[in-house]
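Structure record follows, encoded as structure tokens.
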Number of protein chains: 2
Amino acid sequence: MNAPNTRLNMADVAALAGVSKATVSRVLSGAPGVSEETRRRIKALVKDLSYVVSPDASRLSRGSTGRIAVVMPHTTSWFYGAVLAGVLSVLRAEGLDALVYQVADGTESRTFFADLPVQRRVDAVIVVAFPVTEHERRQLDLLGMPVVVAGGALEHHAHVRIDDTTAARQAVTHLIRSGHERIAMINAAVTREWPYAPPADRLDGYRTALEDAGLTVDPRLVVDLPWSGTMGADGMDRLLSLDRPPTAVFGFCDEVALGALRSLRRAGVSVPRTVSVIGIDDHPLAELCDLTTVRQPAEQQGARSAHLALDLLGGAPTGELHVTLPTHLVIRATTGPPEDS
Amino acid sequence: MNAPNTRLNMADVAALAGVSKATVSRVLSGAPGVSEETRRRIKALVKDLSYVVSPDASRLSRGSTGRIAVVMPHTTSWFYGAVLAGVLSVLRAEGLDALVYQVADGTESRTFFADLPVQRRVDAVIVVAFPVTEHERRQLDLLGMPVVVAGGALEHHAHVRIDDTTAARQAVTHLIRSGHERIAMINAAVTREWPYAPPADRLDGYRTALEDAGLTVDPRLVVDLPWSGTMGADGMDRLLSLDRPPTAVFGFCDEVALGALRSLRRAGVSVPRTVSVIGIDDHPLAELCDLTTVRQPAEQQGARSAHLALDLLGGAPTGELHVTLPTHLVIRATTGPPEDS
DNA sequence: CCGGAAGATGTAACCGGTTGCGTGCTGGGA
DNA sequence: TCCCAGCACGCAACCGGTTACATCTTCCGG
């Protein structure tokens, strides 16, 4: 294989093959109207020269960019990485490229939705677990291209997600079945700047699970904290300082649950003997920490979103545009019956 | 602000403004030769119409794509996500887009380096902590565009990384200073298919730290395992089955160390009383697990790589092309003096 | 032996910008 | 008053493909 020669363009290849650009183009795009022999000859030459078409030029005449934007608030945490992995694997199979936009804080978000830099650069947008304000949603509507939401939902748009309420119910129900009655929740606080839906849904699941079991919801056992790496630990500290601490704690996600575990360990509280802990996600490190949790399929959410985007691009929305993927309880070593039972 | 109108092109804007495309182009690209008044007028019109130039068309005439490829073996683990975050933040500031390629297993790797799909799609490539075979390296050389390696090194190319040997020495020296003499290492096994450099370097640091302290290197205390989520746990199990288990364990990275912690916890071994554990990375969850570790600046490595790529694109390699970032010992609760001291 | 359909290939316009060069206008110095 | 520098702007070619349409063969039935 020779050196990939970027200086080479289709006209050169055509000249070398003794045909016109049109014929080369037809061969390369698999269009009909070229004799089998010519086709073979050109293909061989192209391979020999390591010629590749310019996607930009191609885009210009064809109209589609062959790219899809993936927008996420950050790339560091497991969930986003996993969703991205799912998206990428599907797109790669289709020969599409992914343009990743990290839109972290409020300022970035504002400029992103004001400038909409994805305009004209991509054919579709996949928004990953993004707290979108009403105004931002309207901006997305104006984009004039398919928008798919992964790990969340957005009016007017296709989405792939889990049922947060159900996931929370699965977690809390497991605690109830184990015999717990004083069950706390450490939740992520939602603000107008951060209108993230899962906290409310999971809180709802927590509440209804308790109510369905005939247990009362004690507001002192629900701790709301702004999102941070140590909010689980902070929340647990607060719960431990109560007169009657809970016997079980449901964390908004695994990272929160792991934070709670740290506080319990430092306080010398035995887990799960004195306090049980459960989270949501099934973060890879949850396994290493023996954390009981409710697994959500992150990579699958990414993959399905990508498929949805492709469907939408194909113009034929064959399947359902609103996909909810199932979650599963994964019992490990941080939950058990309460001490007094 | 009106709806971003994708149907609008520069000719339309020019017609509306009563000028030629050339003038609009000059205004939009900040080129000289346009009166201040015309400039203002066109800018206002452009804003009013929410017109954005087509980056592809622009690329075609200008020659550069305004995009950079980021190639990584996977996106899920913290390190890659953090590097990506660093890259993205720098690129965004420069108005460049990032095309992310996930090249996971051997097959993907082979096709990636054979087809070099990044050709003509980007101006530069950032390769993140990627085990690159000799043949693949040569393919990269042929690419004819700047290549920067983040979290590793590659002949002929710029790179940003940490000194793995030093990092390992920092970890092991900390254990030695705490009084340990039987120090084990759980390392990632390198194969021809996976020619990843850090394992060898970190092993080297482990060895030299021991030798410098006058300690002998016991080969039974070095466990090599193929990379997996539970290799830390598996390695620790093996170490625990020795006649004389070590009093301290150095994990190839934090995930390995956390795996070791799980085995110790399950075996009922007290940490750090009976066995101390240390890793490398300072994974965000290391803090939640109170894991002592050597911190490496992942996001910075990404950011510096991006800057390097930009420098290289600018044609003026101002600074050093080989950057080594410092690592720091972070002492938490999984290390302490050995029991018998 | 002839007309015409089907298939292979070339021609040229077009996608949406960028830019070298040319033109027309203005103002200042001789 | 005349000449020319200098500025503002338009013209048109070009970037590298795609594709509608035209042209030329070739092979068939009549």
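Sequence lines set the chain letters: A, B, ... in the order given, protein chains first and strands last, and positions in each chain run from 1.
What separates CG of B/Asn9 from P of C/dC15 is a distance of 8 Å, to the nearest Å. One can place CZ of A/Arg26 at 10 Å from P of D/dA20, the figure rounded to the nearest angstrom. Nucleotide C/dG16 holds its C1' atom 15 Å from the CD atom of A/Gln119, rounded to whole Å. For the pair B/Asp56 CG and C/dG17 P, the computed distance is 10 Å after rounding to whole Å. Counting to the nearest Å, the P atom of D/dC15 and the CE atom of B/Met10 are 19 Å from each other. Atom pair A/Leu28:CG and D/dG16:C1' shows a separation of 12 Å (rounding to whole Å applied). Computed from coordinates, the B/Leu60 CG to D/dC14 C1' distance equals 9 Å when rounded to whole Å. As rounded to whole Å, 14 Å separates atom P of D/dT26 from atom CD of A/Glu37.
For A/Arg62 and A/Glu36, each mapped to the nucleotide of DNA chain C holding its nearest heavy atom, the one lying further toward the 5' end belongs to A/Glu36. Remark on DNA chain D: of its neighbouring residues B/Gly33 and A/Ser61, the 5'-side contact belongs to B/Gly33, judged by nearest-heavy-atom nucleotide. Comparing B/Ala22 and B/Ala57 by the nucleotide of DNA chain C whose heavy atom lies nearest to each, the residue mapping closer to the 5' end is B/Ala57.
Among the atoms of the strands shown, only primed sugar atoms or phosphate atoms (P, OP1, OP2) are found under 4.0 Å from some heavy atom of B/Ser58. Heavy atoms of A/Val19 sit under 4.0 angstrom from primed sugar atoms or phosphate atoms, though from no base atom. Backbone-only contact: B/Thr38 has heavy atoms under 4.0 Å from sugar-phosphate atoms and none from a base. Looking at heavy-atom distances under 4.0 Å, A/Ser54 makes contact with sugar-phosphate atoms alone, never a base.
Between A/Arg59 and B/Ser54, the side chains place a donor N or O and an acceptor N or O closer than 3.5 Å (distance only, hydrogens not considered). With hydrogens and angles left out, the side-chain atoms of B/Gln102 and A/Ser89 include no donor and acceptor closer than 3.5 Å.
Residue A/Ser35 places at least one side-chain N or O under 4.0 Å from the OP1 or OP2 atom of C/dT9. A/Arg120 has a side-chain polar atom (N or O) that falls below the 4.0 Å cut-off from OP1 or OP2 of C/dG17. For A/Tyr51, a side-chain nitrogen or oxygen approaches OP1 or OP2 of D/dG17 to under 4.0 Å.
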Using the rule given for side chain to side chain donor-acceptor pair (under 3.5 Å), can you reason through A/Arg120 versus A/Thr65, listing the C-alpha separation, both sets of side-chain angles and the distance that settles it, and then say yes or no? CA-CA 8 Å; A/Arg120 293 184 164 231; A/Thr65 68; over 6 Å; no
Could you walk me through whether B/Arg121 and A/Asp97 pass the salt bridge (charged side-chain N to carboxylate O under 4.0 Å, His left out) check? CA-CA 9 Å; B/Arg121 327 187 98 108; A/Asp97 288 325; 2.7 Å; yes
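In this model, no side-chain donor or acceptor of A/Arg59 finds a partner on the base of C/dG16 within 3.5 Å.
The listed nucleotides are D/dT18, D/dG10, C/dG10; the one nearest the side chain of A/Thr23 is C/dG10.
Partner of A/Val125 under the side chain to side chain contact (heavy atoms under 4.5 Å, CB included) criterion, out of A/Val148, A/Val149, A/Val118: A/Val118 alone.
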